[in-house]
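Excluded from the calculations below are hydrogen atoms, water molecules and symmetry mates; all remaining heavy atoms, backbone and side chain alike, are included. Just so we're on the same page: letters track the sequence lines, and every chain starts at 1.
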There are 2 protein chains.
Amino acid sequence: MDDRQALASFAALSQETRLQVVRTLVVAGPDGLAAGSIAERVGVSPSNLSFHLKELDHAGLISQRRESRSIVYSASYEALANLVKFLMEDCCSGHPGIRASLERSGDCCTGTTADKDATVA
Amino acid sequence: MDDRQALASFAALSQETRLQVVRTLVVAGPDGLAAGSIAERVGVSPSNLSFHLKELDHAGLISQRRESRSIVYSASYEALANLVKFLMEDCCSGHPGIRASLERSGDCCTGTTADKDATVA
DNA sequence: TCAATGTTTCAAGGATCGTTGAATCATGGA
DNA sequence: TCCATGATTCAACGATCCTTGAAACATTGA
């Protein structure tokens, strides 16, 4: 991931509504969610949501497909993973402090603590 | 890490100069770097740098201490680690895709694949 | 074709952000 | 005390971002 895309991703995630949208889509899974459904869950107007979806799409964090009348959005897990990697590489270079901090608290992706609260599927 | 701090961190990192500053400080290590030295390396005016440093400090990504005439800044490795964790928790919840993506390419912090290119200590 | 539904686009506004240079503050040495 | 150095603060300006509601577009079913 190059700097340009990382900057766009950080900018995309630095806005409350958009962070909520990403979270909602991540939880929704690969099947994604129609725009209207997202708007309802996040609590914003369709117009406003569309604005933010465009921003997320431009950053490459989500993808879309038309399904009948709806446009279905889904999180780009690959882009999110790349962003995590970008952040870790920047953090780790020259200093092992981050790695130590991460391991000390156990991260959510290694499977060891993945069952901490299984509320919804 | 709560949403407020994550949003502030993402906003802080979404600006080219600030991303450069963080990178510079991470590489510099725990000893940190004087403001003037940062300004020189990043290539911005002292005034402009001060503006961005304040932003990074407000997000909690850096810390400062006075040392004679200089003010020395250093990266907050803990805050950076927390941000990585925040991102991973958001990414992983409800879907293992990120974990798979991260492990597939080998991340720099887990130690298991840390020897992929051991250029510097 | 017509109407209904789901979504995006557009223009306008207010708010926030980033840059600049001059002024100010803090520290250390003569 | 006075001056030099290192850094921050301030005001002003342009640029970008976010929100809003109305209008437009795309798709489906009657």
Please output the side-chain donor-acceptor pairs of residues 10-18 of chain A that fall under 3.5 Å, not counting sequence neighbours, one pair per line with the distance.
from: A:Ser14; atom 1: OG; to: A:Ala11; atom 2: O; distance (Å): 2.8
from: A:Gln15; atom 1: OE1; to: A:Thr17; atom 2: N; distance (Å): 2.9
from: A:Gln15; atom 1: OE1; to: A:Arg18; atom 2: N; distance (Å): 3.3
from: A:Arg18; atom 1: NE; to: A:Ala12; atom 2: O; distance (Å): 2.8
from: A:Arg18; atom 1: NH1; to: A:His52; atom 2: ND1; distance (Å): 3.2
from: A:Arg18; atom 1: NH2; to: A:Ala11; atom 2: O; distance (Å): 3.2

I'd like to know if the side chain of [X] reaches the main chain of [Y], judged simply by a donor and an acceptor atom lying under 3.5 Å from each other, with no hydrogens or angles considered.
X       : Y       : answer
A:Thr24 : A:Gln20 : yes
B:Ser9  : B:Gln5  : yes
B:Tyr73 : B:Val21 : no

Can you check the [X] [atom1] to [N] [atom2] distance for me, whole Å?
X       : N      : atom1 : atom2 : result
A:Glu16 : D:dC17 : CD    : P     : 18 Å
B:His58 : D:dT8  : NE2   : P     : 17 Å
B:Arg18 : C:dT19 : CZ    : C1'   : 12 Å
B:Arg65 : D:dA7  : CZ    : C1'   : 16 Å
B:Leu56 : D:dT8  : CG    : P     : 12 Å

Dump the pairs, protein N or O against N or O of nucleotides 7-16 of chain C, anything under 3.5 Å, distances to one decimal.
from: C:dT7; atom 1: OP1; to: A:Ala35; atom 2: N; distance (Å): 3.1
from: C:dT7; atom 1: OP1; to: A:Gly36; atom 2: N; distance (Å): 3.3
from: C:dT7; atom 1: OP2; to: A:Gly36; atom 2: N; distance (Å): 2.6
from: C:dT8; atom 1: OP1; to: A:Tyr73; atom 2: OH; distance (Å): 2.2
from: C:dT8; atom 1: OP2; to: A:Ser50; atom 2: OG; distance (Å): 3.1
from: C:dT8; atom 1: O5'; to: A:Ser50; atom 2: OG; distance (Å): 3.1
from: C:dT9; atom 1: O4; to: A:Ser47; atom 2: OG; distance (Å): 3.0

Check the phosphate of C:dT19 against B:His52, side-chain N and O only, distance under 4.0 Å to OP1 or OP2. Yes or no?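 Checking B:His52 against C:dT19: at least one side-chain N or O falls below 4.0 Å of OP1 or OP2.
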Ignoring backbone atoms, test whether A:Ser68 places a side-chain nitrogen or oxygen under 4.0 Å from the OP1 or OP2 oxygen of D:dT27.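 Answer no for this pair, as no side-chain N or O of A:Ser68 is under 4.0 Å from OP1 or OP2.
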Partners passing side-chain hydrogen bond (donor to acceptor under 3.5 Å, both in side chains) against A:Glu55 (at least two apart in sequence or in another chain):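 A:Glu55 satisfies side-chain hydrogen bond (donor to acceptor under 3.5 Å, both in side chains) with no residue once adjacent residues are dropped.
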Cluster overlap B:Ile38 with B:Ile71, hydrophobic side-chain contacts below 4.5 Å: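 Yes, B:Ile38 connects to B:Ile71 through the hydrophobic network.
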